[in-house]
2 protein chains.
Amino acid sequence: MKLSLKVEYALRVLAQLGRYHGGPQLAHIEDLAEAEDVPSNYLVQILNELRNGGVITSRRGKQGGYALTNEPEAVSLFDVMRVIDPGLFANEPSRAGQSGSLVAEALNKIGASFEERAKEISIRDLMPRDAGPMYYI
Amino acid sequence: MKLSLKVEYALRVLAQLGRYHGGPQLAHIEDLAEAEDVPSNYLVQILNELRNGGVITSRRGKQGGYALTNEPEAVSLFDVMRVIDPGLFANEPSRAGQSGSLVAEALNKIGASFEERAKEISIRDLMPRDAGPMYYI
DNA sequence: GCTAAAGTTGAGTTCTTTACCCAACTTTGG
DNA sequence: CCAAAGTTGGGTAAAGAACTCAACTTTAGC
């Protein structure tokens with residue numbers, strides 16, 4: 001399942017934001033980058049897309065940072081992938097050639113079950129079970 | 001489900017070879033390319049990989065051509081994808097970062113159901129139901 | 001109001017992969 | 001022997017992936 005690094009990065013970072021969820025502090029780019037081992041310069045782009053996609057919110061300035069928009073259990077991997085890698089779900093296979101339509105139909109079936117599965121897993125599932133919300137005192 | 005054109009081409013051509021299956025004639029590159037609307041220069045490569053992967057057999061010289069190695073119902077889309085686009089199933093997601101392993105686990109689950117579905121569909125499913133074997137008299 | 005710490009924006013870069021093309025070679029039936 | 005087929009290996013243009021960088025804006029707190 002050739003998924004892009006970008007998607008992996010996004011999911012790891014969202015899992016990390018999940019740990020911050022419920023706590024009083026916003027997460028900083030540099031902290032996220034370090035905790036999840038993602039190049040911070042690249043992470044900037046990813047966080048931007050997640051914000052434009054409504055998955056996270058941000059605050060500028062001192063005491064700024066990032067947070068999940070919704071509860072971790074309300075955000076599926078599908079939601080994230082749709083924002084980060086839209087081509088993953090958008091593109092229809094071509095129906096050219098004599099067998100084009102039957103092939104397209106078969107590939108769509110596979111794609112549908114992929115999509116379905118991605119909808120069943122949430123950001124909550126990427127967080128350690130035992131950990132409650134993280135408070136930094 | 002971002003699948004490569006190459007995979008689509010391969011499936012269309014195999015569907016076409018399915019139509020030849022049971023008949024006395026071998027399929028020629030040019031005929032396959034035209035029937036399934038695949039660039040013949042590129043198709044050469046694809047057929048080569050399918051042969052090296054054991055999915056099809058070939059004969060050289062005059063009266064040469066290509067044919068399926070096995071019955072169409074015995075070849076799954078998974079078998080084809082594994083040969084044409086090995087990276088699709090081979091690569092493990094990285095476990096770096098604090099959330100790496102949970103993310104990898106989740107992505108593997110999605111990958112597994114993708115793989116499973118691909119195994120359930122065969123070349124036979126890409127052929128028109130009503131058509132028996134094609135005989136060219 | 002300054003200032004330093006944050007996020008914001010947009011452009012640029014390097015590397016790999018994809019989707020091809022082409023020419024020279026080998027095999028084989030008639 | 002020769003023409004029609006597959007075989008092999010090289011090459012290439014365009015796109016995408018994975019970053020990097022610099023200049024800008026916002027905001028808390030003194």
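In the text below, chain A, chain B and the rest are named by the order of the sequence lines, each starting its count at 1.
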Look up atom CG in Asp37(A) and atom CZ in Arg95(B), then write down how far apart they are to the nearest 0.5 Å. 15.0 Å
On the nucleotide dT9(C), are OP1 or OP2 found under 4.0 Å from the side-chain N or O atoms that Asn48(A) carries? yes
Go through the structure and list residues passing side chain to side chain contact (heavy atoms under 4.5 Å, CB included) with Pro86(B), not counting sequence neighbours. none
Sole residue of Ile84(B), Val80(B), Leu47(B) in side chain to side chain contact (heavy atoms under 4.5 Å, CB included) with Leu14(B): Val80(B)
With a 3.5 Å cut-off and heavy atoms only, can you find an N or O donor on one side and an acceptor on the other between the side chain of Gln45(A) and the base of dT8(C)? no
Is the shortest heavy-atom distance from the side chain of Asn108(B) to the side chain of Pro93(B) under 4.5 Å? yes
Rounded to whole Å, how long is the line connecting atom CG of Leu47(A) with atom P of dA6(C)? 15 Å
Can you check the Asp31(B) CG to dG6(D) C1' distance for me, whole Å? 13 Å
What is the distance from OH of Tyr66(B) to P of dA4(D), rounded to the nearest Å? 18 Å
Is it the case that the ring center of Phe78(B) lies less than 6.0 angstrom away from the ring center of Phe89(B)? yes
With distance as the sole criterion, is a donor-acceptor pair present between the side chains of Gln98(B) and Arg12(A) under 3.5 Å? no
Is it the case that over 12 heavy atoms from other parts of the model lie below 6.0 angstrom from the CD atom of Glu34(A)? no
If the sugar-phosphate is the primed atoms plus P, OP1 and OP2 and the base is the rest, what is the B/S/- string for nucleotides 22-30 of chain D, using protein heavy atoms under 4.0 Å? ---BBBBS-
Could you tell me whether a side-chain N or O of Glu8(A) sits under 3.5 Å from a main-chain N or O of Ser94(B), the two making a donor and an acceptor? yes
Can you tell me how far P of dG7(C) sits from CD of Glu30(A), to the nearest Å? 8 Å
Starting at atom CG of Leu43(A), determine the distance to atom P of dT20(D), rounded to an integer number of angstrom. 12 Å
So, are Lys2(A) and Asp85(B) salt-bridged, with charged N and O less than 4.0 Å apart? yes
Partner set under side chain to side chain donor-acceptor pair (under 3.5 Å) for Glu71(B), not counting sequence neighbours: His21(B)
Could you list by number each residue of residues 33-41 of chain B showing a heavy-atom separation from DNA chain C of less than 4.0 Å, or answer none if no residue does? Pro39(B), Asn41(B)
Per atom distances to the Tyr9(A) side chain, the nearest of dT8(C), dT7(D), dC19(D) is dC19(D)
Can you check the Ile29(B) CD1 to dC21(C) P distance for me, whole Å? 13 Å
Separation of Gln25(A) atom CD from dA5(C) atom P, in whole Å? 17 Å
CZ of Arg51(B) versus P of dT26(C): gap in Å, rounded? 16 Å
Where at least one partner belongs to residues 43-58 of chain B, residue pairs that pass side chain to side chain donor-acceptor pair (under 3.5 Å), sequence neighbours excluded: Lys6(B)-Glu49(B), Asn48(B)-Arg51(B), Arg51(B)-Ser58(B)
Could you go through nucleotides 13-18 of chain C and list every protein N or O atom that sits under 3.5 Å from one of its N or O atoms, giving the distance for each pair?
none

